[in-house]
Amino acid sequence: MSERMEKNEKTTSDQSAEVSEKPKKEAPAPKPKKDPRDRLYKPKGRPLTMASSPYSQTKDNVPKIMWCVSLALTPAVIGAVVFFGLKAVFMISTSILAAMVTELVITRIRKQPDTLDDGSAFLTGLLLALTLPPTFPVSGCVLGSIFAIAIGKQIFGGLGCNIFNPALLGRAFLQASFPVKMTTWVLPRYADMNAYTGAVSPDAITGATPLGLLKYEKIFTHLKPLLIGNVGGSLGETSALALLAGGIFLLILRHADWRIPVGFLGSVAVFGGIFWMVDPATYPSPLFHLLSGGLLLGAFFMATDMVTSPITIKGTWIYSVGAGLILVIIRLFGGLPEGVMYSILLMNGLTPLINRFTRPKFFGEARA
Amino acid sequence: MKLRTFKKGIHPGEYKEFSHDKKIEQMPLPEQVYIPLQQHIGAPCEPLVKKGDTVKTGQVIGRSSAYVSAPVHASITGIVKAVDKFPHPLGMRVEMVHIERTGDEDDWELLSIPENWEKAPRVELIKLINEAGIVGMGGAAFPTHVKLNPPADKKIDSFILNGVECEPYLTSDHRLMVEYTDQILAGMNIIMSLLKVENGYIGIENNKPDAIEMMSKRVKDLGYSFQVVPLEVKYPQGAEKMLIESVLHRKVPAGGLPMDVGVVVNNVATAKAVADAVLEGKPLVERVTTVTGDGIVHPKNLLTRIGAPFNDLVEFCGGVKDETTMVFMGGPMMGQAQYDLSVPVIKAAGGIVCNTSKMITMVEHFPCIRCGACVDACPMYLLPTKLAKLTEHKKYEEAEKLGIQNCIECGSCAFSCPAHIPLVQWLRVGKMRVSELKRKQKAS
């Protein structure tokens, strides 16, 4: 089964010895009789490689996917730097560095091969930074990254074994540990609060997010600043345009399952829309739901995390629609203005169960 | 018009350009042949000759009394040098008859054929097809006479001729359809009259426009009522169950056979062999094999005798380039790697592919990231990643419940896995273990 090199010079007895060395210890086969055709043919002095089919494989690989997702976040990173200045650069690079160092240290302790070049630690650090408020201390970023990698990923056994999205788990940890710092916002450099809400409210100047404004002040934010990103919020979540550009890039490359953003955003629009139609004065429009908070970031880059989302097609729909439903409930009726993190983490937790109950029918299987 | 096809599956690189326009060339008679006594699924044959015997081309040299079996024939005229175990392209040592050619004459021993096959009794024709040693030449090598004689309670209403050739590189069926069109259609006609079916379909993938055109033209010229069905290019469309879904939109039940939905499928090479046997009395002693790949000097489609060593074919094509690192029999999706090119051409050998490391790259593999690419690709609607894990952890019973036995080992999952996990290998091991387990349970 594994690649096996057969040397030309080898006699039959050598070969049988090699076979018996294989991991499955079975009784060694009786020595084959000397065979006149043991002169093995090979192209000039070169043994042929043995392997099992298929001999052709997709050009995709895991690092490529991880680096592509990181690349797709570039517009969001640029947006963060434009709106929040050098502090953003500092936070993002520190988070990434901390995540990668943690990964390296833990794989060394576990005596596993280095996994830095697969890009997953880089991506975790980057995603985590993008979900933090611009005022968050850099030391906190380090703490969050360490938690994300150590508890979010490596404790389960590394890449592919974790149940929850590590970046979101890191953020949840920070939210629980530093609730005040995690909800202190500043306005982007070019923002004019009064212009974008249309309401003259001195409180608004402190820089609340559009969702916070809605929840605590009942002030609706206009859509145009939301689209461009000139509003208060986490580093990477403010600009809907930047996130959309990156997300569409991912979908085109097929490194994200299109069903997840479609199901997630679609269900938010539908469930949010129902409330809006009932009472447009109290509840925001579906478009506001879609463009505000971390929804786009979550829908395109977090919920689509392959490791923590279902593998079956039906399961993917259940997962994404479920996340949308939870999100609307938290946003409209929960104590917090923002629900992306919890909705995704909750559905992550349900993923194994969803996988189990959405096994596709076998080809030709009769099932009631 | 949207072409017919099945759901899921993959589309690997085709690489047919090496040999798709190369005319079929007749190989010179080999100096010696090694003819495996078992070249089919079913009971192995007993040798009928011994060392020192002289044999004629087409003479029966091995036979079994079992029903699911097919005799084997000498493919050259010569002297039996040995009946012993020799290396086989499927990786083990197998009982073979080694024949050395005497002189240049090709002395045939033909089967006795009816003057007019249309008037001959059905039983006799099926016996003739069995006597000719015809097996499925697409790869599975199931004895054809068994397929043509379905149990009475299975009502067969359609026949599909498989000209899909979905494996990359291989072009032998393609060339056969272009160059031996009439023989193939005659064979199809014989098969359909044996099955007593009216509806005949010829499934050909759309990447063989000349074959589609040629087959359609001759069907019309010769006045057959067959329907040529161009199909979207997709792997594994050549698998019986997928082909039936593509052509007729019928789904063979899990664990069932094509005849359960009233269909019989045969490969084009098999149809030609049937025509050769019934019309000319020729037993199955030769086949068309593609010798191709970027490691071969002159890729060709060869008409070769069964039992000729791979060496002979490769040398006839100008030999392999120095950089060649891998040679496999069959296509890259389901083929078998070779370490010794002295192995013989068998009845189901559609191609010999020689590749350099440019084509074949050994990739490191990563942990599964549960991306679901394998689930998207699996044409049998299985969960390959889960089945592989269950096999890895020896949970065979659970793997059986999740349908591991439905796997057709097409390799679509392993092809599409971005972590490059050898999924199909795990599934093969799992299937084997599940069968063992079942056998044990039956025994106890």
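Order of the sequence lines sets the chain letters (A, B, ...), proteins ahead of strands, with each chain counted from 1.
No side-chain heavy atom of A:Tyr55 sits under 4.5 Å from any side-chain heavy atom of B:Asn355. Proximity of B:Met242 to A:Phe363: side-chain heavy atoms (C-beta onward) are separated by under 4.5 Å at one or more points.
Proximity to chain A (any heavy atom under 4.5 Å) is restricted, for B:Cys417, to the backbone atoms N, CA, C and O. Heavy atoms of B:Lys7 lying under 4.5 Å from chain A are absent altogether. Heavy atoms closer than 4.5 Å to chain A are found in the backbone of B:Cys368, but not in its side chain. Residue B:Phe328 touches chain A through its side chain alone, counting heavy-atom pairs closer than 4.5 Å. With a 4.5 Å cut-off on non-hydrogen atoms, B:Glu245 touches chain A through its side chain but not through its backbone. Only the side chain of B:Thr385 comes within contact range of chain A, with at least one heavy atom under 4.5 Å from a heavy atom of that chain. For A:Asp257, no part lies near chain B; criterion is any non-hydrogen pair under 4.5 Å. At a 4.5 Å heavy-atom cutoff, the contact between B:Leu402 and chain A is made by backbone and side-chain atoms alike. Proximity to chain B is limited to the side chain of A:Ile65, based on heavy atoms less than 4.5 angstrom apart. In this structure, the portion of A:Ser309 lying under 4.5 Å from any heavy atom of chain B is its backbone and not its side chain. If you measure heavy-atom distances from B:Pro168 to chain A, you find no contacts under 4.5 Å at all.
The shortest heavy-atom contact between A:Ser52 and B:Arg428 is OG-NH1, 2.9 Å. A pairwise comparison of heavy atoms in B:Arg370 and A:Ile311 identifies O-CG2, 3.4 Å as the closest pair. Residues B:Val375 and A:Thr312 approach most closely at CG1-CA, 4.5 Å, considering heavy atoms. The two atoms that bring B:Pro367 and A:Leu159 nearest to each other are CB-O, 3.4 Å, heavy atoms only.
The CD atom of B:Glu14 sits 11.5 Å away from atom OG of A:Ser56, with the distance rounded to the nearest 0.5 Å.
Surrounding CZ of A:Arg110 are more than 12 heavy atoms belonging to other residues, nucleotides or ligands, all under 6.0 Å away.
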